[in-house]
Amino acid sequence: MPTIRLLALAVVGAVALAVTGCSAPATPVPDAPQYTPASTSTLPGTWIIADTYSSPDQPFLTFERDGSWTGSDGCNDSTGTWSMDLAGVLTTTSGPQTQIYCDGAHLPLFLIDSVSARFDGSDLTLVGHDGSELVKVHKRTMTEKAVARGTTVVVGLWTNTEPGRDRLLQLTMNDDGTVKGNDGCNDFTSTWRFAEDGSVSFGKLAITSRTCEGVVTWLNLASSAVLDGPTMVIRSMYGAQLGTLTYLKALPGSADQPANGSTRTPTATP
């Protein structure tokens with residue numbers, strides 16, 4: 001009889017444990033982040049990083065719907081192409097890039113190293129070959145409009161004086177968005193506007209074809225410019241610094257002076 005009693009107690013204990021196990025609440029599992037792969041419809045636009053830097057440019061990436069992209073790490077501009085398949089695989093190319101050091105974020109390099117992108121409805125996360133998150137950016141809002149960096153003054157006469165030469169280079173920026181200049185040999189005309197990142201972007205140049213011996217020209221290669229008070233840094237289409245111009249004087253009817261902190265924004269045409 002003792003053996004039967006012990007067996008019965010064991011069975012009752014096992015049942016009690018089973019009942020207790022079933023009634024214990026399960027430990028809640030935290031919700032995993034819900035990501036949607038970026039696509040050709042969500043990727044286009046200008047994306048910026050949340051952090052701020054003491055760099056000439058605000059680091060950004062701009063994806064165009066034609067498959068091209070532009071970007072900056074804060075002081076080096078980059079351009080290239082991008083494509084994305086239905087599975088969300090991201091493929092990019094990049095052109096030459098300068099190696100100027102400054103405080104910033106290496107957004108173009110992160111883009112080149114990424115193979116996919118995640119989109120959670122507001123933020124875009126670039127993902128590397130090993131699945132690691134390279135950088136997170138958010139789309140620039142409509143209120144974050146481009147403004148000139150360093151100064152809002154663009155309209156006026158800009159020049160460059162070299163030793164032994166009097167105002168070799170001249171660039172006249174007009175309020176209507178047109179440009180007239182001389183690169184030390186040939187006259188040219190063009191257009192200007194504010195780019196997405198706040199720099200000045202030049203249109204295609206129409207230029208004369210004179211030959212001048214002993215003159216090294218570079219102003220006719222201008223693609224963009226960064227403003228820093230009375231100085232305009234001219235850059236090529238690849239982001240390389242070509243040279244600088246200095247503000248000489250305002251145009252008739254304009255009271256703008258870069259050195260005095262004027263805040264009037266020129267009305268350049270897009």
Side-chain angles (χ1 to χ4, degrees), residues 33-53 55-100 102 104-149 191-204 223-226 235-240 268 270:
Q34 299 300 309
Y35 290 111
T36 300
S39 65
T40 54
S41 62
T42 58
L43 201 58
T46 297
W47 303 82
I48 59 177
I49 197 164
D51 298 328
T52 57
Y53 304 92
S55 54
D57 304 348
Q58 178 187 32
F60 76 97
L61 290 172
T62 297
F63 297 92
E64 303 291 351
R65 294 188 181 277
D66 63 3
S68 63
W69 68 267
T70 57
S72 173
D73 62 4
C75 53
N76 298 286
D77 295 331
S78 300
T79 60
T81 64
W82 70 274
S83 63
M84 178 173 285
D85 63 18
L86 295 178
V89 176
L90 180 62
T91 303
T92 62
T93 66
S94 177
Q97 181 178 347
T98 55
Q99 300 295 322
I100 303 171
C102 69
H106 301 294
L107 297 189
L109 292 182
F110 288 138
L111 176 61
I112 296 169
D113 291 340
S114 63
V115 295
S116 63
R118 298 170 181 165
F119 181 61
D120 64 5
S122 59
D123 293 330
L124 181 75
T125 303
L126 297 180
V127 180
H129 291 78
D130 58 356
S132 61
E133 297 184 356
L134 301 178
V135 68
K136 181 180 290 186
V137 291
H138 69 275
K139 184 165 289 188
R140 175 181 285 160
T141 64
M142 293 299 293
T143 59
E144 296 175 288
K145 296 182 179 179
V147 295
R149 293 189 299 269
T191 59
W192 73 271
R193 65 179 178 83
F194 283 134
E196 282 287 338
D197 63 343
S199 63
V200 172
S201 177
F202 295 106
K204 186 176 180 179
S223 178
S224 64
V226 176
R235 292 178 171 179
S236 71
M237 64 181 298
Y238 300 111

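Sequence positions, counted from 1, serve as the residue numbers for this chain. Side chains included, hydrogens not; waters and symmetry mates left out as well; all remaining heavy atoms used. All values derive from a computational prediction rather than experimental measurement.
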**Report entry** Ring center gap for F60 and W47 short of 6.0 angstrom
**Finding:** no
**Report entry** P59 versus A105, closest heavy-atom pair with distance
**Finding:** CG-N, 3.7 Å
Query raised in the report: Stepwise, does the side chain to side chain contact (heavy atoms under 4.5 Å, CB included) test hold for L43 with M84?
Result: CA-CA 9 Å; L43 201 58; M84 178 173 285; 4.1 Å; yes
Query raised in the report: Is there a side-chain contact between I48 and H138, using heavy atoms and a 4.5 Å cut-off?
Result: yes
Query raised in the report: Between the side chain of W69 and the main-chain N/O of T93, is any donor-acceptor distance below 3.5 Å?
Result: yes
Report task. Apply the test side chain to side chain contact (heavy atoms under 4.5 Å, CB included) to residues F63 and L111: give CA-CA distance (whole Å), side-chain angles for both, the deciding distance (0.1 Å), then the verdict. Result -> CA-CA 11 Å; F63 297 92; L111 176 61; 3.7 Å; yes
Query raised in the report: Looking only at atom types and distance, does a side-chain atom of K204 sit under 3.5 Å from a main-chain N or O of T191, one as donor and one as acceptor?
Result: no
Report task. Answer yes or no: is there a side-chain heavy-atom contact under 4.5 Å between W82 and T91? Result -> no
Query raised in the report: Any donor-acceptor pair under 3.5 Å linking the side chain of H129 with the backbone of D113?
Result: yes
**Report entry** Option from V127, L126, D73, L61 for which side-chain contact (heavy atoms from CB on, under 4.5 Å) with F110 holds
**Finding:** L126
**Report entry** Atom pair OG/CG of S39 and L86 - distance to nearest 0.5 Å
**Finding:** 10.0 Å
**Report entry** Nearest-0.5 Å distance that lies between atom NZ in K136 and atom CD1 in I49
**Finding:** 11.0 Å
**Report entry** Stepwise side chain to side chain contact (heavy atoms under 4.5 Å, CB included) test for T62 and E64
**Finding:** CA-CA 6 Å; T62 297; E64 303 291 351; 3.5 Å; yes
Report task. Could you grab the distance from atom CZ of F202 to atom OG of S224, nearest 0.5 Å is fine? Result -> 8.0 Å
Query raised in the report: Between OG of S114 and CG of L124, what distance do you get to the nearest 0.5 Å?
Result: 9.0 Å
Query raised in the report: What closest approach, in Å, do G88 and S116 show between heavy atoms, and which atom pair accounts for it?
Result: O-CB, 3.6 Å
Query raised in the report: For T70 and T79, what are the C-alpha separation, side-chain angles and deciding distance, and is it a side chain to side chain contact (heavy atoms under 4.5 Å, CB included)?
Result: CA-CA 4 Å; T70 57; T79 60; 3.8 Å; yes
Report task. Evaluate the side-chain proximity of L107 to V137: yes if any heavy-atom separation is below 4.5 Å, no if none is. Result -> yes
